[in-house]
J.: 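Sharing a structure here in structure tokens format.
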Amino acid sequence: KMVDIKVVKSLIGGFLIHIVLGTLYIGGNIAVYLASYLRKFDSSIRIEEVIAITPIAMFGVNTTQYIGTRLCWKIGPRWTILIGNIVLLIGCFSASFCTNIYALFTTYAALYGMGVGLAYMSPVIIN
């Protein structure tokens with residue numbers, strides 16, 4: 001019996017989405033590198049400050065998951081995931097230009113976290 005191509009595409013898409021959204025949890029691993037980078041611009045940056053990115057991002061996730069769930073029911077999972085990933089990408093891309101910790105908190109932590117929150121529940125809801 002042949003497998004429906006839509007089923008395969010859905011499984012692959014869900015897998016890839018969760019790989020992207022799951023990068024939120026590597027904050028502790030990349031904090032050392034972010035602190036090292038930010039020290040080029042401000043020598044007083046400490047690793048303890050950079051570690052705050054993960055809790056700020058998780059706050060963004062938790063505050064926008066409800067919105068993402070409601071949006072998924074209203075406009076569908078495809079558009080909700082697209083909107084969430086656009087917010088996520090804007091946050092990640094603009095973080096590459098940051099030269100201070102507060103800009104990084106706003107872009108990589110807050111925007112990235114909000115994008116993850118918008119998109120995260122859609123693959124779960126459509127099951």
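Basis for what follows: all heavy atoms, side chains included, without hydrogens, waters or symmetry-related copies. Bear in mind the structure is a predicted one, so any value in this text is a computation, not a measurement.
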J.: Could you report the tightest heavy-atom contact between I81 and S122, atom names first, then the distance?
T.: CG1-CB, 3.5 Å

J.: Please check if I67 and I86 belong to a single hydrophobic cluster, counting links between Ile, Leu, Val, Met, Phe, Trp and Tyr side chain heavy atoms closer than 4.5 Å.
T.: yes

J.: May I ask whether I101 and F41 are part of the same hydrophobic cluster, defined by side-chain heavy atoms of I, L, V, M, F, W, Y residues being less than 4.5 angstrom apart, directly or through others?
T.: yes

J.: Return the orientation label for the Y112 and Y108 ring planes: parallel under 30°, perpendicular over 60°, tilted otherwise.
T.: parallel

J.: Indicate, with yes or no, if L111 and L104 share a hydrophobic cluster defined by side-chain heavy-atom contacts under 4.5 Å among Ile, Leu, Val, Met, Phe, Trp and Tyr.
T.: no

J.: Does Y37 have more than 12 heavy atoms from other residues, nucleotides or ligands lying within 6.0 Å of its OH?
T.: yes

J.: Grab the two heavy atoms, one from A31 and one from V50, that are nearest each other, plus how far apart they are.
T.: O-CG1, 3.5 Å

J.: Can you see which heavy atom on L118 is nearest to which on T80, and at what distance?
T.: O-CG2, 3.4 Å

J.: Only counting residues at least two apart or in another chain, list the ones meeting side chain to side chain contact (heavy atoms under 4.5 Å, CB included) with L89.
T.: none

J.: Specify the closest pair of heavy atoms between G28 and T54, including all atoms of both residues, with the distance to one decimal.
T.: N-OG1, 3.9 Å

J.: Are F105 and L38 in one and the same hydrophobic cluster, where Ile, Leu, Val, Met, Phe, Trp and Tyr link if side-chain heavy atoms are under 4.5 Å apart?
T.: yes

J.: Say you draw a straight line from CD1 of I5 to OG of S10; how long is it, rounded to the nearest 0.5 Å?
T.: 10.0 Å

J.: Can you give me the closest heavy-atom contact between P55 and A52, atom names plus distance?
T.: CD-O, 3.2 Å

J.: Output every pair passing ring pair (Phe, Tyr, Trp, His ring centres under 6.0 Å) with a member in residues 13-32, not counting sequence neighbours, ordered by first then second residue.
T.: H18-Y120

J.: With the side chain counted from C-beta on, respond yes when I53 and L34 share a heavy-atom pair under 4.5 Å apart, and no when they do not.
T.: yes

J.: How long is the span from the OH atom in Y102 to the CG atom in D42, to the nearest 0.5 Å?
T.: 9.0 Å

J.: Nearest 0.5 Å, what's the CZ-OG1 distance between F97 and T99?
T.: 11.5 Å

J.: According to a 4.5 Å side-chain heavy-atom criterion applied to Ile, Leu, Val, Met, Phe, Trp and Tyr, with indirect links allowed, do L82 and I17 form part of one hydrophobic cluster?
T.: no

J.: Is it true that a side-chain atom of Q65 and a backbone atom of N62 form a donor plus acceptor pair closer than 3.5 Å?
T.: no

J.: To the closest 0.5 Å, what do you measure between CG (N100) and OG1 (T106)?
T.: 8.5 Å

J.: Tell me, with the steps shown, if L88 and L21 meet side chain to side chain contact (heavy atoms under 4.5 Å, CB included).
T.: CA-CA 9 Å; L88 178 150; L21 301 180; 3.7 Å; yes

J.: Quick one: does any side-chain atom of S36 pair with a main-chain N or O of V32 as donor and acceptor, under 3.5 Å?
T.: no

J.: With side chain to side chain contact (heavy atoms under 4.5 Å, CB included) as the criterion, how do T64 and V87 come out once you've worked through the C-alpha distance, each side chain's angles and the decisive distance to 0.1 Å?
T.: CA-CA 11 Å; T64 56; V87 172; over 6 Å; no

J.: Quick one: CD1 on I51 to CD1 on I47, what's the gap to the nearest 0.5 Å?
T.: 5.0 Å

J.: Please check if atom CZ in R70 has more than 12 non-hydrogen atoms from other residues, nucleotides or ligands closer than 6.0 Å.
T.: no

